Amino acid sequence: MLINKNILLGVCGSIASYKSAALTRLLVKAGANVRIVMTRDACNFISPLTLSTLSKNPVFSEYFDPKSGTWNNHVELGLWADILIIAPATANTLAKFAKGLCDNLLSAVYLSAKCPVYFAPAMDLDMWKHPATQNNINTLVSYGNLMIKPAYGELASGLIGEGRMAEPEEITEFIIAKYGEGLPLKGKKALVTAGPTHEAIDPVRFIGNHSSGKMGYALAEELSSLGAEVTLVSGPTNIELSDKRINRIDVTSAEEMLQACLSKFNNSDIAILSAAVADYRPKEIASLKIKKDSPDYSLDLIKTPDILATLGQKKKLGQILIGFALETNNEVANAIKKLEKKNLDFIVLNSMNDEGGAFKNDNNKITIIDRYKKQVNFELKPKKEVAADICKKILDLI
Ligand code: C5P
């Protein structure tokens with residue numbers, strides 16, 4: 001969910017500052033680019049070296065770094081951030097933010113940032129309860145900033161009450177959930193097929209093809225980053241998903257892929273079938289390894305189920321169904337025929353004539369053709385960007 005998001009973490013001076021290390025690690029693990037601004041007091045509680053190592057970025061604390069002679073530009077930092085998190089947020093820093101003071105780098109960054117701001121207060125019980133603190137928090141909430149509430153428990157002073165900073169896991173979950181609410185495919189379910197299918201000949205051999213699955217995996221990741229709940233039905237590939245929220249169902253044959261798709265399609269809002277499904281399979285699967293005794297050998301083949309066409313027949317109003325076409329001749333005419341025959345909303349045409357595109361490669365060059373035969377040609381680009389182009393078309397349809 002936070003893949004490639006720019007997160008600026010502001011760390012204030014509190015005993016809870018040690019939790020910023022775990023928080024940094026969780027944000028990095030969630031895929032975010034993390035940069036950190038610490039107040040001077042925060043550096044007394046936790047070493048900038050720890051946070052810089054965990055975030056894999058230099059940590060900023062002062063406006064001016066005398067060692068390198070560089071100016072840490074608060075406006076640039078504020079504008080870089082997609083999300084600003086202040087954790088721990090002390091009573092002092094919250095008061096400065098509420099009043100618009102900017103006597104350190106962090107408070108200047110806060111005033112410059114245009115992105116959503118989250119703050120996780122940490123302080124002693126009575127400081128937390130004080131009307132001055134509560135008023136400051138209400139002011140910040142009235143600015144649209146989001147508070148991650150402190151927890152009840154034992155405090156560093158020995159007192160028991162409210163004021164403990166929320167745990168790093170809770171902060172991360174809160175941000176992912178809030179961030180997800182604004183995503184355009186939130187609440188939508190998507191089904192994607194990817195990779196080849198392998199059709200068994202005997203226990204050791206199969207009919208297959210060169211599909212790597214890269215396009216389908218990129219589509220699954222892109223749909224998920226837009227907020228969709230994604231099921232990826234994958235033929236045999238060597239690819240790992242970086243987004244662990246995607247529900248991956250591994251299959252081998254076309255028949256298994258069909259069954260997996262049928263079990264999910266009814267509840268799907270979007271289905272993109274990018275798998276290179278074998279068109280034929282051996283009529284019989286030999287139970288023992290076939291011997292090479294005779295000089296020639298022939299196999300009886302029968303058609304595999306056309307998964308896309310099957311889903312096209314079942315498609316209900318409101319469901320979006322997308323297919324791929326890999327053509328070598330009469331490309332557009334053949335793709336339009338497929339689009340109509342399989343009842344698609346649009347078809348993505350890859351040409352085998354485009355060098356560096358389609359099978360096995362990291363890049364692809366596509367043409368999108370919709371039901372009205374409108375064609376849009378795209379440049380050769382990385383499959384991740386191709387996936388984004390396809391998803392933009394889906395968003396237009398929705
Ligand atoms: O008819 P053709 O195989 O060229 O169509 C390609 C499209 O149909 C792709 O989207 C592919 O995933 C899908 N397909 C399928 N089941 C098959 C064959 C193709 O879902 N048996």
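Everything quoted here is computed from the prediction, not taken from an experiment. Each ligand, and each atom within it, is numbered from 1 in the order the structure gives.
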Colleague: Between the candidates V277, T304, I322, which shows the shortest non-hydrogen contact distance to atom 18 (C) of ligand 1?
Modeller: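 Among V277, T304, I322, the closest heavy atom to atom 18 (C) of ligand 1 belongs to V277.
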Colleague: Show me which atoms of ligand 1 lie under 4.0 Å from any heavy atom of P305.
Modeller: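 So the answer, numbered in order with elements, is 16 (N), 17 (C), 21 (N).
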Colleague: Identify the protein heavy atom lying closest to atom 20 (O) of ligand 1, giving its residue, its atom name and the separation to 0.1 Å.
Modeller: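 Atom 20 (O) of ligand 1 sits closest to the protein heavy atom L308 N, 2.9 Å.
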Colleague: Provide the full list of salt bridge (charged side-chain N to carboxylate O under 4.0 Å, His left out) pairs with a residue in residues 82-100, sequence neighbours left out, each pair given once.
Modeller: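 Passing the test, one end in residues 82-100: K96-D103.
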Colleague: Should G323 be counted as touching ligand 1, given the test is an N or O pair under 3.5 Å?
Modeller: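 No.
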Colleague: With M38 as reference, evaluate V59, N44, L105 under the side chain to side chain contact (heavy atoms under 4.5 Å, CB included) test and give the passing residue.
Modeller: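 Considering V59, N44, L105, a side chain to side chain contact (heavy atoms under 4.5 Å, CB included) with M38 is found only for V59.
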Colleague: A275 versus ligand 1: do any nitrogen or oxygen atoms come within less than 3.5 Å of each other?
Modeller: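 Yes, A275 has an N/O under 3.5 Å of an N/O on ligand 1.
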Colleague: Checking the side chain of T93 only, and the main-chain atoms of A89 only, is there a donor and an acceptor separated by less than 3.5 Å?
Modeller: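 Pair absent, no side-chain N/O of T93 close to backbone of A89.
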Colleague: Any salt bridge linking E379 with K365? Criterion: basic side-chain nitrogen under 4.0 Å from a carboxylate oxygen.
Modeller: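 Salt bridge flag = no for K365 with E379.
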Colleague: Answer with yes or no whether the side chains of N266 and K316 bring together a donor and an acceptor at under 3.5 Å.
Modeller: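 Yes, a side-chain donor-acceptor pair sits under 3.5 Å.
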Colleague: Do E221 and S242 have a side chain donor and acceptor closer than 3.5 Å?
Modeller: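 Yes, because at least one side-chain N or O of E221 sits under 3.5 Å from a partner of the opposite role on S242.
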Colleague: Can you find an N/O atom of K338 closer than 3.5 Å to an N/O atom of ligand 1?
Modeller: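 Yes; the residue has a nitrogen or oxygen that sits under 3.5 Å from a nitrogen or oxygen of the ligand.
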Colleague: May I have the list of side-chain donor-acceptor pairs in residues 142-149 shorter than 3.5 Å, sequence neighbours left out?
Modeller:
| residue | atom | partner | partner atom | Å |
| --- | --- | --- | --- | --- |
| S142 | OG | T139 | O | 2.6 |
| Y143 | OH | A98 | O | 3.0 |
| N145 | OD1 | Y110 | OH | 2.5 |

Colleague: Evaluate the ring planes of F206 and H198, with Trp represented by its six-membered ring, and classify them as parallel (under 30°), tilted (30 to 60°) or perpendicular (over 60°).
Modeller: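 Parallel.
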Colleague: Could you tell me whether some N/O pair between K342 and ligand 1 is separated by less than 3.5 angstrom?
Modeller: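 Yes, K342 has an N/O under 3.5 Å of an N/O on ligand 1.
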Colleague: Using a 4.0 Å cutoff against the non-hydrogen atoms of L273, which atoms of ligand 1 qualify?
Modeller: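 In order of number, 9 (C), 10 (O), 11 (C), 12 (O), 20 (O).
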Colleague: Can you report which non-hydrogen protein atom sits closest to atom 16 (N) of ligand 1, along with the distance?
Modeller: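 For atom 16 (N) of ligand 1, the nearest protein heavy atom is I307 N, 3.0 Å.
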Colleague: Please determine if A276 has a nitrogen or oxygen closer than 3.5 Å to a nitrogen or oxygen of ligand 1.
Modeller: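 In this structure, A276 places no N or O atom under 3.5 Å from an N or O of ligand 1.
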Colleague: Starting from atom 7 (C) of ligand 1, what is the nearest protein heavy atom, named by residue and atom, and what distance separates them?
Modeller: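 Among all protein heavy atoms, the one nearest atom 7 (C) of ligand 1 is F324 O, 3.0 Å.
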Colleague: Quick one: look up the protein heavy atom nearest atom 3 (O) of ligand 1 and list residue, atom name and how far away it is.
Modeller: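 Minimum-distance protein heavy atom for atom 3 (O) of ligand 1 reads D279 OD1, 4.0 Å.
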